[in-house]
> 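Quick one: the structure is below, and I'll ask about it shortly.
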Amino acid sequence: MGKRTTIGILTSGGDCPGLNAAIRGVVKAACSVGDARIVGIADGYRGLIEGRAREIDAEEASGLLTRGGTILGASREKPFEARDYGEPTDSEVGLGKPEAIKENYRLLGLDCLVTLGGNGTNTTAARLQEEGLDVVGLPKTIDNDIWGTDVSFGFHSAVDIATEAIDRLHSTALSHNRIMVIELMGHKAGWLALYAGIAGGGDVVLLPEIPYEIDAIARHLARRAATGKRFSIVVVAEGAMSAEESLLDKRARKARRAAMPYPSIGYRVAAEIVEATGMEARVTVLGYLQRGGVPSAYDRVLSTAFGTAAAELVFSRRFGRMVAWRGDGIDSVRLDKVAGKTKRVPGGHEFIGVARLMGTCLGDE
Ligand code: F6P
């Protein structure tokens, strides 16, 4: 009989629907493909630095398919970055963070590590692979901005949630002849705003990738009003920016934003619309509702498939890779290719064209 394989698993970065379903996929498939012992690491990389972990068996993995959040806990720990989030310092831990991770990997008897997370998580995973650990990544984020995979789990659940919110806003927009601004997540990439904007029939959709001119938005709203539609839905990604701001570097843009009296971009766009059109506007910031609760059917399938693919990579000893969906099937890409990149919405994306053909204002014309 071959040696038992000990697989460490952690969830890192913001939580999202489908994390537990993916954990279940990894555990069940690993136990059916080979002889596996699964060690669940608490709170992402922070737990690995601190050596907080426990065994998870197939029984515990049962019943997780529909559960939101992550049974393992998550953190935004980035062990290779100097910046920290209030976690114990290197001297409290006793070793530098990467060294502590390597030491605990050894002490926990891990043969490999499966990491579930977004861009930061994959970048760290690539570094750990470089440092000699054996790592497999799974792409998770509601932002869908991970390079190398067409889709990440969590994204479609968030699109469904955001679409339902936009549907519900429509009734008040219509009843009161108001402009309803809804701010969705997506700092660097506007996938969520684009998909939910199309699915919810948004009249204006603002993405980080397409800087907006308030005059273009005002003209669009005025044209709608002239056809008798005095209500509009304006979908704003949290990373949306004006054309003027897009010329600034990140630091200058941040400073400019901080000096403004608005809690977030949705409020600012609403105030700019009121000023430019005299129309009545209201703001909804959907926030963490987009990350909570049960995964959609699509994400249950994707998370399960990704989890099983991770187990297969482990048993075929193909480490240093991230599971991906490419074209019409499961694939994998090298973690060092994924590291440090962000998949943004390309200007020529099919759905940008669809939105424009539907008469949706993307803020630029
Ligand atoms: O997971 C990515 C994300 O959803 C971003 O769109 C958002 O800006 C961020 O999480 C906020 O998360 P937190 O407040 O948990 O850091």
Side-chain angles (χ1 to χ4, degrees), residues 10-22 42-47 68-70 72-79 81 83-87 115-125 137-147 149 151-163 165-166 182-197 205-209 235-241 250 253-254 257-258 262-269 283-293 295-296 299 302-303 306 322 338 340-345:
L10 61 80
T11 55
S12 162
D15 71 338
C16 78
L19 276 169
N20 284 325
D43 305 336
Y45 291 116
R46 192 177 297 168
T70 160
L72 297 175
S75 69
R76 289 199 180 272
E77 171 67 58
K78 290 181 177 159
E81 277 189 18
R83 181 166 60 119
D84 80 29
Y85 294 83
E87 64 273 37
T115 60
L116 282 59
N119 286 325
T121 306
N122 286 314
T123 301
T124 301
L138 289 190
K140 162 254 48 157
T141 171
I142 67 161
D143 296 341
N144 200 35
D145 60 354
I146 301 174
W147 185 91
T149 184
V151 65
S152 313
F153 67 85
F155 172 62
H156 279 286
S157 302
V159 170
D160 289 353
I161 295 164
T163 302
I166 295 171
I182 177 164
E183 180 184 305
L184 301 181
M185 282 186 171
H187 264 304
K188 294 184 183 155
W191 297 104
L192 180 53
L194 179 62
Y195 273 62
V205 176
L206 305 181
L207 315 178
E209 293 88 346
V235 181
V236 182
E238 67 183 332
M241 63 182 87
K250 200 172 157 192
R253 192 159 55 237
K254 254 187 146 174
R257 289 250 170 128
Y262 311 110
S264 64
I265 186 72
Y267 287 92
R268 178 173 133 203
V269 168
V283 185
T284 301
V285 178
L286 203 52
Y288 295 97
L289 290 174
Q290 292 158 100
R291 287 195 348 212
S296 65
D299 272 334
L302 191 67
S303 306
F306 278 180
M322 181 189 80
V338 177
K341 295 192 184 126
T342 302
K343 183 186 72 181
R344 306 184 83 215
V345 181

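When a ligand or atom number is given, it counts from 1 through the structure's own listing order. Throughout, residue positions are numbered sequentially from 1 according to the sequence presented. Just so it is clear, the values below take in all heavy atoms, side chains as well, and ignore hydrogens, waters and symmetry mates. All of these numbers come straight from a predicted model, not from anything done at the bench.
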> I need the nearest protein heavy-atom contact for atom 5 (C) of ligand 1: residue, atom name and distance, please.
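Result for atom 5 (C) of ligand 1: Asp143 OD2, 3.3 Å.
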> Distance under 4.0 Å to a non-hydrogen atom of Glu238: what atoms of ligand 1 satisfy this?
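Ligand 1 atoms under the 4.0 Å threshold to Glu238: 5 (C), 6 (O), 7 (C), 8 (O).
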> Do Glu238 side-chain atoms and Gly186 backbone N/O form a donor-acceptor pair below 3.5 Å?
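Yes, Glu238 side chain to Gly186 backbone: donor-acceptor pair under 3.5 Å.
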> May I ask you to check whether over 12 heavy atoms, not counting those of Lys254, lie within 6.0 Å of atom NZ?
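Check fails, neighbour count at 12 or below.
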> Please determine whether any non-hydrogen atom of Gly186 lies less than 4.0 Å from an atom of ligand 1.
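Contact check Gly186 vs ligand 1: positive.
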> In chain order, what residues pass the side-chain contact (heavy atoms from CB on, under 4.5 Å) check against Thr11, with sequence neighbours excluded?
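Partners of Thr11 by the side-chain contact (heavy atoms from CB on, under 4.5 Å) criterion, ordered by chain and then number, come out as Leu19, Ile23, Thr70, Leu72, Ala74, Leu116.
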> Supply the atom-to-atom distance Leu192 CG to Ile161 CD1, rounded to the nearest 0.5 angstrom.
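The CG atom of Leu192 sits 9.0 Å away from the CD1 atom of Ile161.
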> Could you tell me whether a side-chain N or O of Lys140 sits under 3.5 Å from a main-chain N or O of Pro17, the two making a donor and an acceptor?
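Such a contact is absent between Lys140 side chain and Pro17 backbone.
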> Identify, by atom number and element, the atoms of ligand 1 in contact range of Ile142, meaning under 4.0 Å from any of its heavy atoms.
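What qualifies from ligand 1 is 4 (O).
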> Judged on heavy-atom distance to atom 9 (C) of ligand 1, which of Lys140, His187, Lys188, Arg76 sits nearest?
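Shortest heavy-atom distance from atom 9 (C) of ligand 1: Arg76.
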> How far is atom 4 (O) of ligand 1 from its nearest protein heavy atom, and which residue and atom name does that atom have?
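Its nearest protein heavy-atom neighbour is Met185 SD, 3.1 Å.
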> What are the two closest non-hydrogen atoms of Ser296 and Asp160, and how far apart are they?
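Looks like CB-OD2, 3.3 Å.
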> Starting from atom 14 (O) of ligand 1, find the nearest protein heavy-atom neighbour and note its residue, name and distance.
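Nearest neighbour among protein heavy atoms for atom 14 (O) of ligand 1, to 0.1 Å: Tyr288 OH, 2.4 Å.
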> Check each heavy atom of Arg291 against ligand 1 and say whether those closer than 4.0 Å belong to the side chain, the backbone, both or neither.
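Only the side chain of Arg291 comes within reach of ligand 1.
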